[in-house]
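I have placed the structure first, in the form of structure tokens, so that the comments after it can refer back to it.
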Amino acid sequence: MRSNFALLLALASCSAAMAQDRGRQRVDIVNYTITAEIQPAKQSITASAKIDLTPVDSTVSVVTLDLNNALNLGRVTDASGRQIPTSQSRNENKISINFPEPLVKGTNYSITVDYDGKLTGNEESPVPGVKFAAIQSAYAYLMYPARWFPVNDYSADRFTMALAVTVPSAMRVVASGFSTTDRNVPGKITYNYKFSNPSFPGSIAVVEDAVDRVNAAGVVTEVYFRGEHKKLAQLYGEETGKAVDEMTDLFGLAPSKNLTLVETEDGTPNGYAAPNIIFLNSKAITSQVNHRLLVNQVARQWWGMLVSPISRNHLWITNGMARYAEIMSVENASGSMALEAEAKDIYIEALTVENPPLIQSARLEDYSPEYWAATAGKGAAVLHMLRYTIGDEKFKKALKLIPERFAWKSIGTEDFKKVFNEVDGTNLDFFFLQWIESSGAPEFKIEYTVYRTAKGFRVMGKVAQDLDTFRMPVELNIETEGNPETKKIDVSGTSSEFVVETFGKPKKVELDPSNRVLRFSNQMRVAVAIRKGEQYAEIGEYQDAFKEYQKALEVSKNSSMAHYRVGETFFLQSNFQAAANEFREALNGDLEPKWTEVWAHINLGQIFDVTSQRERAVNEYNLAIRTKDNTQGAQEVAAKFLKDPYKRPRRQEN
């Protein structure tokens, strides 16, 4: 009875999510024709956007679009030039267009929206805390999430675009698509771009530095880096070529074989992908290329640009696939052991957010830690489990089939599932019901008895867990005096029985020995609590961080990682005695991960330097060096402070 009730709840949630999907797309914007002039010296833009749209609901009389609060709405006119009443909600980044007569479902309409304003980068962003637009004297970037043009159904409504941007003649415009230029006005130049496939063009950059073109692995990458970063253009171009080649092997023919890299600035995302363009934060451009970041952004040319979710409730498909592309790249480079380590990390990330179910991801704030943990972390975890469930060959076949079948289209979880059902030849509803439409993760408890038989031994047991609707094939490993026995058993509901025959006498029975299933265990609870604490500490919420670390210590008092993080947090608050106590506890703990040893010694050395105990500090730095662990440059740091005492950074007075 409980199982049926849970199923009804899951179906209700799914129905609600689908209704929300339908409600969001009141109109479909088919094409934009945008003319704009950007004046870097004034940090301003003046623009006009002709919007071709089609109502998908009946009796649409008000159309609400997103527009950056910093921009001033001017006239809005219809195809005949008649002005349409409008209003602007500046605190919500929205404009409302009130049509005199209701629009007819399925009929094509055109409106033109005039607007202007300044985008200095200091304005409040439509995505809180993340900068997506700024016009500076020497460069500019205007990315789609900035809503620098009127946006409908953000990240879901695909469109084509014709774009004409005028800038000073010494500068150039970078955008998606085919380009031409004209110089009709002295001292100015207009760049015309056309993107003819329905996607998410409209992210542009204005640059004044010369382009660096790099040909690698058959991919031409245009690199627009500034200052000292220009010398890294060749390196980044080569790595981009490798990433495109690698992703082509996984996902099929690339939407565009050539890409452009554009440097942004501090405050923007480390990476942001638009069709044919990847924007990189200045701090993310380092002498040692972050290949994972490039792989993630390159993968989005398939998962996000070529294929996108029908609504934000299905973002796990694209964010999860981009994150999992990183993991598959690591696997290709370093093998199966590296894959297991990566899988463990995404499982920890996934379990930091238990609600809402992935099918309700629209409830999460864009770019928040919860948003990434769910749509990217759990999304990647789901893909990893799906791979385990159907096998490598079928999984990789489906990864190529989806972009091929749905090129330049939107898909939902149902479309995704149908392809995997087709490739696997089975019904995977149970899998998607558990991991996409439901929340929570199981915690397995196993009981078993061993019987002697005429041919050897029989293991009879039961697996218990507390999720009524859970069903998953799970690996069972039995260590015997001879060869181990391994088989998959179907764990279904709260109690599942199994019987396994063995020749050798069983010594140990273990369920899911390779940790392929996203599940809780004592070890996982510790890791998840620590990860949550780290997230709080990063934003200065130390009390919440302490609470999470304490949860970890309640499960495992011997956790070096938990003690280390507590010590680190005390250190940041200048509570040196408490910090020293925790670093000592870390050294007396399980020393997992191993690097906690070297860095606990370094932190103790810094504490003794700060408290004028140089001899004790030197001893700790020497102990750090003796570990020979150079995680995150630990040996260089220890040697540095062995030579010159650590000094506290000057604290700014309020």
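Positions are given from 1 along the sequence.
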May I ask you to check whether [X] and [Y] show a side-chain donor-acceptor distance below 3.5 Å?
{"X": "Asn296", "Y": "Arg300", "result": "yes"}
{"X": "Glu263", "Y": "Ser282", "result": "yes"}
{"X": "Arg312", "Y": "Ser155", "result": "yes"}
{"X": "Asn313", "Y": "Arg363", "result": "no"}

**Report entry** ring pair (Phe, Tyr, Trp, His ring centres under 6.0 Å) partners of Phe225, counting only residues at least two apart
**Finding:** Tyr236

Requested in this report: Check the pair Val167, Ile189 against side-chain contact (heavy atoms from CB on, under 4.5 Å), reporting the backbone distance first and the verdict last.
Outcome: CA-CA 6 Å; Val167 294; Ile189 184 170; 3.8 Å; yes

Query raised in the report: Can Arg147 be said to sit on top of Tyr154's aromatic six-ring, NZ or CZ under 6.0 Å from centre and within 45° of the ring axis?
Result: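 Yes, a cation-pi geometry holds between Arg147 and Tyr154.
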
Please report the shortest heavy-atom distance between [X] and [Y], naming the atom on each side.
{"X": "Ala299", "Y": "Met247", "answer": "CB-SD, 4.0 Å"}
{"X": "Ser410", "Y": "Ala156", "answer": "OG-O, 3.7 Å"}
{"X": "Arg158", "Y": "Asp28", "answer": "O-OD1, 4.1 Å"}

Donor-acceptor pair, side chain of [X] and main chain of [Y], under 3.5 angstrom:
{"X": "Ser176", "Y": "Pro275", "value": "yes"}
{"X": "Thr33", "Y": "Ala162", "value": "no"}
{"X": "Lys131", "Y": "Glu123", "value": "no"}
{"X": "Thr389", "Y": "Met385", "value": "yes"}
{"X": "Ser125", "Y": "Ala146", "value": "no"}
{"X": "Arg323", "Y": "Ile346", "value": "no"}
{"X": "Tyr193", "Y": "Met161", "value": "no"}
{"X": "Arg292", "Y": "Ile327", "value": "no"}
{"X": "Thr318", "Y": "Ser308", "value": "no"}
{"X": "Ser137", "Y": "Ala41", "value": "no"}

If the plane angle is over 60° it's perpendicular, under 30° parallel, otherwise tilted; pick one for [X] and [Y].
{"X": "Phe149", "Y": "Tyr32", "value": "perpendicular"}
{"X": "Phe159", "Y": "Phe200", "value": "perpendicular"}
{"X": "Phe395", "Y": "Phe420", "value": "tilted"}

Can you give the donor-acceptor pairs under 3.5 Å from side chains of residues 254-261 to other protein atoms, not counting sequence neighbours?
from	atom 1	to	atom 2	distance (Å)
Ser256	OG	Asn258	N	3.4
Ser256	OG	Asn258	O	3.0
Ser256	OG	Asn276	ND2	3.4
Asn258	OD1	Val220	N	3.0

Lys/Arg N to Asp/Glu carboxylate O, [X] vs [Y], below 4.0 Å:
{"X": "Arg387", "Y": "Glu331", "answer": "yes"}
{"X": "Asp415", "Y": "Arg405", "answer": "no"}
{"X": "Lys397", "Y": "Asp424", "answer": "no"}

Pairwise distance [atom1]([X]) to [atom2]([Y]) - rounded to 0.5 angstrom:
{"X": "Leu428", "Y": "Glu422", "atom1": "CG", "atom2": "CD", "result": "12.0 Å"}
{"X": "Leu65", "Y": "Asn93", "atom1": "CG", "atom2": "CG", "result": "12.5 Å"}
{"X": "Thr352", "Y": "Arg531", "atom1": "OG1", "atom2": "CZ", "result": "7.5 Å"}
{"X": "Glu228", "Y": "Ser287", "atom1": "CD", "atom2": "OG", "result": "11.5 Å"}
{"X": "Thr160", "Y": "Ile29", "atom1": "OG1", "atom2": "CD1", "result": "11.0 Å"}
{"X": "Ile390", "Y": "Phe431", "atom1": "CD1", "atom2": "CZ", "result": "9.0 Å"}

Would one find more than 12 heavy atoms of other residues, nucleotides or ligands at under 6.0 Å from atom [atom1] of [X]?
{"X": "Ile539", "atom1": "CD1", "result": "yes"}
{"X": "Glu124", "atom1": "CD", "result": "no"}
{"X": "Lys400", "atom1": "NZ", "result": "yes"}

Contact between [X] and [Y] at the side-chain level, heavy atoms closer than 4.5 Å - yes or no?
{"X": "Phe132", "Y": "Pro269", "result": "yes"}
{"X": "Asn630", "Y": "Glu636", "result": "yes"}
{"X": "Glu475", "Y": "Pro513", "result": "yes"}
{"X": "Ser169", "Y": "Lys188", "result": "no"}
{"X": "Gln301", "Y": "Leu306", "result": "no"}
{"X": "Ile359", "Y": "Phe432", "result": "no"}
{"X": "Trp148", "Y": "Asn68", "result": "no"}
{"X": "Phe251", "Y": "Met321", "result": "yes"}

Looking at residues at least two apart in the chain, or sitting in another chain, which of them share a side chain to side chain contact (heavy atoms under 4.5 Å, CB included) with [X]?
{"X": "Asn332", "value": "Glu246"}
{"X": "Ser44", "value": "Gln39, Lys42, Lys118"}
{"X": "Asn197", "value": "Phe195, Trp408"}

Report task. Could you please spell out the steps behind the side-chain contact (heavy atoms from CB on, under 4.5 Å) verdict for Gln632 and Trp595? Result -> CA-CA 9 Å; Gln632 294 186 336; Trp595 61 258; over 6 Å; no

Query - Centroid separation Trp316 to Phe416 less than 6.0 Å - result: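 Ring centres of Phe416 and Trp316 closer than 6.0 Å.
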
Query raised in the report: Are Phe279 and Tyr141 close enough that their ring centres sit under 6.0 Å apart?
Result: no

Query raised in the report: Can you check side-chain contact (heavy atoms from CB on, under 4.5 Å) on Met328 and Leu399, steps first, answer last?
Result: CA-CA 12 Å; Met328 296 180 82; Leu399 293 192; 4.2 Å; yes

Report task. Could you give me the CA-CA distance, side-chain angles and deciding distance for Glu265 and Thr268, then say whether side-chain hydrogen bond (donor to acceptor under 3.5 Å, both in side chains) is met? Result -> CA-CA 6 Å; Glu265 61 183 348; Thr268 62; over 6 Å; no

Would you list the atom pairs, donor with acceptor, under 3.5 Å between side chains in residues 204-215 and any protein atom, with sequence neighbours excluded?
from	atom 1	to	atom 2	distance (Å)
Asp212	OD2	Lys230	NZ	2.9
Arg213	NE	Glu222	OE2	2.9
Arg213	NH2	Glu222	OE2	3.1

Query raised in the report: Step by step, would you call Leu518 with Val382 a side-chain contact (heavy atoms from CB on, under 4.5 Å)?
Result: CA-CA 8 Å; Leu518 181 64; Val382 168; 6.0 Å; no

